[in-house]
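Everything numeric here is computed off the predicted structure, so don't read it as measured data. Atoms considered below: every heavy atom in the structure, side chains included; atoms not considered: hydrogens, waters and symmetry mates.
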Amino acid sequence: MANRDDMMQDLVYGDMLTTSGYDVEFAVGTTYSMDMKALLIVPYSLGMFGDLGSNVKSSPIFLLESIRRSSNKFALFCHRGGIHMPQETQSYYPLVENSIFEVQDKPLSNFHPKLWVIREHNRENEEQRQIKVVIMSKNLTFDNNLDVVVSLTGEINTERSANRKRHKPLKDMLERLATFAKGKKRRQVLELAEDLYRVKRFEVDDSRFEPDAYEFVPYMFGECLNKNVSYPKSFQGETSMTISPFIDIPTIKDLTDVQRKNGRHILVTRTGYITEKVFSKYNREGDEIYVMNDQMVNNDRASIDLHAKMYYISRPKAGAGNFLYLGSANATYSAFHKNAEILLRLKFKSTYNLFERFKNEFLQMNDKGESDVYELVQEPNPEATENTYTALEEAMRHFVFQKFKAKVSIEKENGLYDIEVATKDCHTDYHISIAPLQMPTIKKSLGEKLLFENLPLSKLSEFYVICVENDEGESEKEVIKIPTDGIPDTRDDEIFRSIVDTKEKFYNYISFMLCDDPEEFMFELEQAEKALSTAGLSTSKFQMPSRIYEQMLQIASKNPEQLLRLDDVTRIVKDTDFSTEFNKLYEQFRPLIPKLKQLL
């Protein structure tokens, strides 16, 4: 946890994936739900471009190069049925499909952990390697809620650590995740899992917590992989503070049903779940319930509600001391008995001013004991309900649990392709349709022959849109992956050519690849385009910009091997008219690269 007086910080998701001065070698991430557009945070964070402005990150050139640099560096696991339908499709999405793996167990259980395990090396000394573990409550979405995140780093040694048993639960989780991956990515996940045994210890904030008392607490569909932690005893303290947006009575009963002398129990949750039964569990002297106030939750600018999951436990039944659990697990029966989850347990130092300090920090109390963010609940909410799935949500969950397979036809004379999708017959009262993500308007209803005809090569993908609709016109849409045989190996090249399809775009792309400062490059490009537009001219009328030639000379004198990154791009566009001039220039440079490398 960051070493600050205030434990609560605003952090950008992508910032947590990179470390200043380090380059990522490989990363494993997990999320419950995912926005397709938010997914692009991962490749541009791992693409080693540094801290860039939004104008650069939204550039098609930047997104394409980010994906090309990083798609082989990560494996992301998500809940099957947890990929949200994007508002608009992007050409880039199929380029990351080989890094996305869906996880499922049973229709009403959730793959719910929010975790990143990242192996990285020092940019100045590649032998100095470390693993960073990021545990959080935030999904890979653009939801504007209050979440919690903690980051730990540990140096990778050449030999296995004597302390490796402490890391075994996390290693076991990665090994189980690897069974959902395939090919090279599966091997990379297993290698990363093995590297956890070469970490002596992960560094924690030792001003607050005991440095060697942390525990990784993963759950895989109800099974706790850490034998040092047991539910409910490890979570039943004489004094406790439960922070969870979603709750249920069985779990609240477990957490509060403890014999105590001077202890107290505090709940921080959402107002929509404070039923009479919940309120009665905290209606004893010293107990309190807090929710985010109406000014935070209901406003026209940026509504924010609680999404963090944390448990402060003092003097638990199982063990002694004061502990903080934080991660993905809600205070629900499903979290501890059905789902896959991840928690980190930290042990407070005895010198830390414990419960009241933690409570005041989280609730952001001022010296008068007042908070501008949270409010004390005085009575139950008459409109409160238990957290349950709607009929549509249950129907979607059962349908995506079915086994699917798809096959692409051999290229037809017109250069287009057909896709046939097969699944078992699903008896339901709902209207169900399927469509390729890249062409969502050509949807087919379940029960018809699921044949999608005349798709361009660049539109082929393993991502499909599932829509479940009732008779009233209400619907649920999610994206799933369907194993699709026969997608040509040239598909990714065709997507590249569909994005970089003019001389102007090609030269800008090459120059962007070679530049030292993407922010400065994009600014100069924007200024040049404005000047040409004002003059009524187009860059497509010009020959190859002189800056590319200058960039190649500079790189050749400093790091000629970097020019080899152009090999793949020139291969992809070699048959296009707009690349002829550059290809001739590169053919002159290419034989000189090994010689230049020897001279440096």
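Of the candidates Tyr219, Tyr32, Phe77, Phe221, His112 forms a ring pair (Phe, Tyr, Trp, His ring centres under 6.0 Å) with just one, namely Tyr32. For the side chain to side chain donor-acceptor pair (under 3.5 Å) with Tyr22, the qualifying choice from Gln128, Arg129, His121, Lys132 is Gln128, the only one to do so.
No hydrogens or angles considered: a donor-acceptor pair under 3.5 Å links the side chains of Ser137 and Asp147. Side chains of Lys185 and Ser99: a donor-acceptor N/O pair is present below 3.5 angstrom, by distance only. Side-chain polar atoms of Glu120 and Thr19 form a donor-acceptor pair below 3.5 angstrom.
For Phe348 and Phe209, the gap between ring centers is short of 6.0 Å. A distance below 6.0 Å separates the ring centres of Phe399 and Phe404. Ring to ring, Phe235 and Tyr325 are close: their centroids are under 6.0 angstrom apart.
Looking at Glu25 and Arg119, a side-chain N of the basic residue comes within less than 4.0 Å of a carboxylate O on the acidic one, giving a salt bridge. Arg264 and Glu356 are joined by a salt bridge, as a carboxylate oxygen and a charged side-chain nitrogen come within less than 4.0 angstrom of each other. Salt-bridge check for Glu175 with Lys171: passed, with a basic side-chain N closer than 4.0 Å to an acidic carboxylate O. Using a 4.0 Å cut-off between charged nitrogen and carboxylate oxygen, Arg166 and Glu215 count as a salt-bridge pair. Salt bridge annotation for Asp172-Arg176: absent, with no cationic side-chain nitrogen under 4.0 angstrom from a carboxylate oxygen. Salt-bridge formation is detected for the pair Arg357/Glu361: a Lys NZ or Arg NE/NH1/NH2 atom is positioned less than 4.0 Å from an Asp or Glu carboxylate oxygen. A salt bridge is defined here as a Lys NZ or Arg NE, NH1 or NH2 lying under 4.0 Å from an Asp or Glu carboxylate O, and Glu102 with Lys481 fails to meet this definition.
Between Tyr374 and Phe362, the ring planes lie tilted relative to each other; the angle falls in the 30° to 60° range.
Taking a 6.0 Å sphere around CD of Gln295, one finds it holds 12 or fewer heavy atoms contributed by other residues, nucleotides or ligands.
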